[in-house]
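Remarks on the structure that follows.
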Amino acid sequence: MAYTLTTILLAVLLCVSAVKPYSDNSHDGICKYMVETQGYVCEEHQVTTKDGYILGMQRIPVGRSNKTADRPPVLLQHGILTDATTWLLNSPDESLAFILADNGFDLWLANTRGTIASRGHTSLSTNDPAYWDWTWVQLFTYDLSAMYEYVHNQTGQKQCYVGHSFGTLEAFVSFSEEKLLNMTKSAALLAPIAYIGQMSSLFASAMVTTSLSECMYQLGLYEFIAGGPQLLLNPSTIAVFFDHFPQSTSTKNFVHLALMVRKGNIAMYDYINESENVEHYRQPTPPMYNMTRIPNGIPLFVSYGGKDMLSDVNEVQLLLDNLKDHQKDKLVVQYTEDYAHFDFCLAENANRVVYDPLMAFFGAT
Ligand SMILES: *[C@@H]1O[C@H](CO)[C@@H](O)[C@H](O)[C@H]1NC(C)=O
Ligand SMILES: *[C@@H]1O[C@H](CO)[C@@H](O)[C@H](O)[C@H]1NC(C)=O
Ligand SMILES: *[C@@H]1O[C@H](CO)[C@@H](O)[C@H](O)[C@H]1NC(C)=O
Ligand SMILES: *[C@@H]1O[C@H](CO)[C@@H](O)[C@H](O)[C@H]1NC(C)=O
Ligand SMILES: *[C@@H]1O[C@H](CO)[C@@H](O)[C@H](O)[C@H]1NC(C)=O
């Protein structure tokens with residue numbers, strides 16, 4: 001990488017400072033605004049993590065068809081800078097959340113810390129710098145595990161998992177650490193992100209970031225504002241998407257991602273200072289996660305796109321190389337040449353291209 005870390009950080013800070021601030025009470029709930037309006041039953045839930053964050057979850061317990069099978073629970077985890085609304089933006093026949101509910105799944109929507117539905121904390125306010133002292137390591141260690149356990153407590157069943165973008169990193173890393181496996185039936189990873197060393201387009205344009213629109217550009221939205229994938233999206237979906245994007249994430253999380261881009265590995269947060277690393281990890285460099293440790297028998301549906309600037313095809317290949325010993329009947333890999341990063345949530349034809357095969361996989365595993 002030709003870019004210095006300082007340049008990247010500066011660009012990221014400019015980018016973050018351009019993001020519109022949200023007031024803590026600005027939202028009455030995703031159920032009320034995004035789900036009930038479509039004629040679905042919806043419940044708001046709250047889950048407290050071991051480090052005190054109070055997360056909002058939404059549940060759509062039944063779909064429109066009243067299918068009464070055993071209703072396997074499914075947890076949907078959004079990516080960075082978005083929230084659960086990612087799964088609800090299109091019509092019920094085109095949005096994954098509604099489709100899963102209509103097909104007999106007990107649907108649960110995750111919202112990670114810092115997003116509108118998840119800004120509570122047992123002792124901190126969002127104005128406290130300490131509230132924002134986390135990266136994706138905390139998102140999988142605390143948020144994802146608490147939401148998983150909560151869904152398990154509520155339903156008593158193993159769950160299916162669907163992650164998009166950084167929501168896939170959280171699952172890959174958890175599974176590689178042998179976490180959540182005992183509560184997982186199968187997992188679908190859309191626009192998968194594990195290795196990001198070649199995410200150069202993102203940080204190349206970060207160098208010239210001066211406004212929010214450019215910030216979105218380098219976060220991959222370029223692909224759906226201009227170019228081919230536009231054909232796949234409905235203009236009203238784009239308008240609703242921008243109403244909900246971007247959601248807050250911590251600057252430290254960006255720093256962590258910038259370090260991963262620079263080093264091309266999947267490691268814990270690097271404090272740069274060796275003695276601080278020793279203090280946190282008992283070793284001078286941050287410990288690495290190893291994707292070859294993902295157990296061979298866990299059913300995985302991996303779907304990636306040829307026009308995705310964030311989930312680069314070469315890096316997906318690295319990940320798939322790590323999965324080469326996976327049991328053949330437990331791994332489905334799907335490639336859609338004209339799909340960009342957000343097409344997996346927003347494209348009008350995603351129901352046919354991605355969601356039908358995804359549900360077939362969940363039904364078969
Ligand atoms: C679903 O079941 C409820 C209660 O049993 C009933 O009121 C409703 O009309 C049913 N909806 C459909 C679409 O069949
Ligand atoms: C799940 O249930 C156990 C046992 O009742 C409880 O200790 C735990 O806090 C619950 N977890 C969550 C995330 O609600
Ligand atoms: C899953 O395993 C963890 C330990 O890794 C344990 O704490 C937890 O109780 C287990 N949950 C279930 C539902 O078996
Ligand atoms: C590293 O961190 C330690 C403890 O926080 C501090 O005392 C030391 O000055 C730092 N070293 C450098 C080179 O910044
Ligand atoms: C991951 O584990 C495999 C098998 O144990 C090993 O060959 C490889 O070097 C490890 N990779 C990293 C990055 O630690």
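Every number for a ligand or one of its atoms is a count from 1 in the order of the listing.
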Could you go through ligand 2 and note, for every N or O atom, any protein N or O atom closer than 3.5 angstrom, writing the atom names and distance to 0.1 Å, or 'none'?
unit_1, atom_1, unit_2, atom_2, d
ligand 2, 2 (O), Asn153, OD1, 3.2
ligand 2, 2 (O), Asn153, ND2, 2.2
ligand 2, 11 (N), Glu149, OE2, 2.7
ligand 2, 11 (N), Asn153, ND2, 3.0

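Residues Trp87 and His78 keep their aromatic ring centres 6.0 Å or farther apart. Aromatic ring centres of Tyr269 and His280 lie farther apart than the 6.0 Å criterion allows.
Under a 4.0 Å criterion applied to the non-hydrogen atoms of Thr292, ligand 5 contributes the atoms 1 (C), 2 (O), 3 (C), 4 (C).
Residues satisfying the side chain to side chain donor-acceptor pair (under 3.5 Å) criterion with Ser275, sequence neighbours excluded, are Asn273. Residues that satisfy the side-chain contact (heavy atoms from CB on, under 4.5 Å) test with Ser165, not counting sequence neighbours, are Ile193, His341.
The ring pair (Phe, Tyr, Trp, His ring centres under 6.0 Å) pairs that include a residue from residues 300-326 are Phe301-Phe361, Tyr304-Tyr335, where partners are two or more places apart or lie in different chains.
Shortest non-hydrogen contact noted between Asp83 and Thr86 is O-OG1, 2.6 Å.
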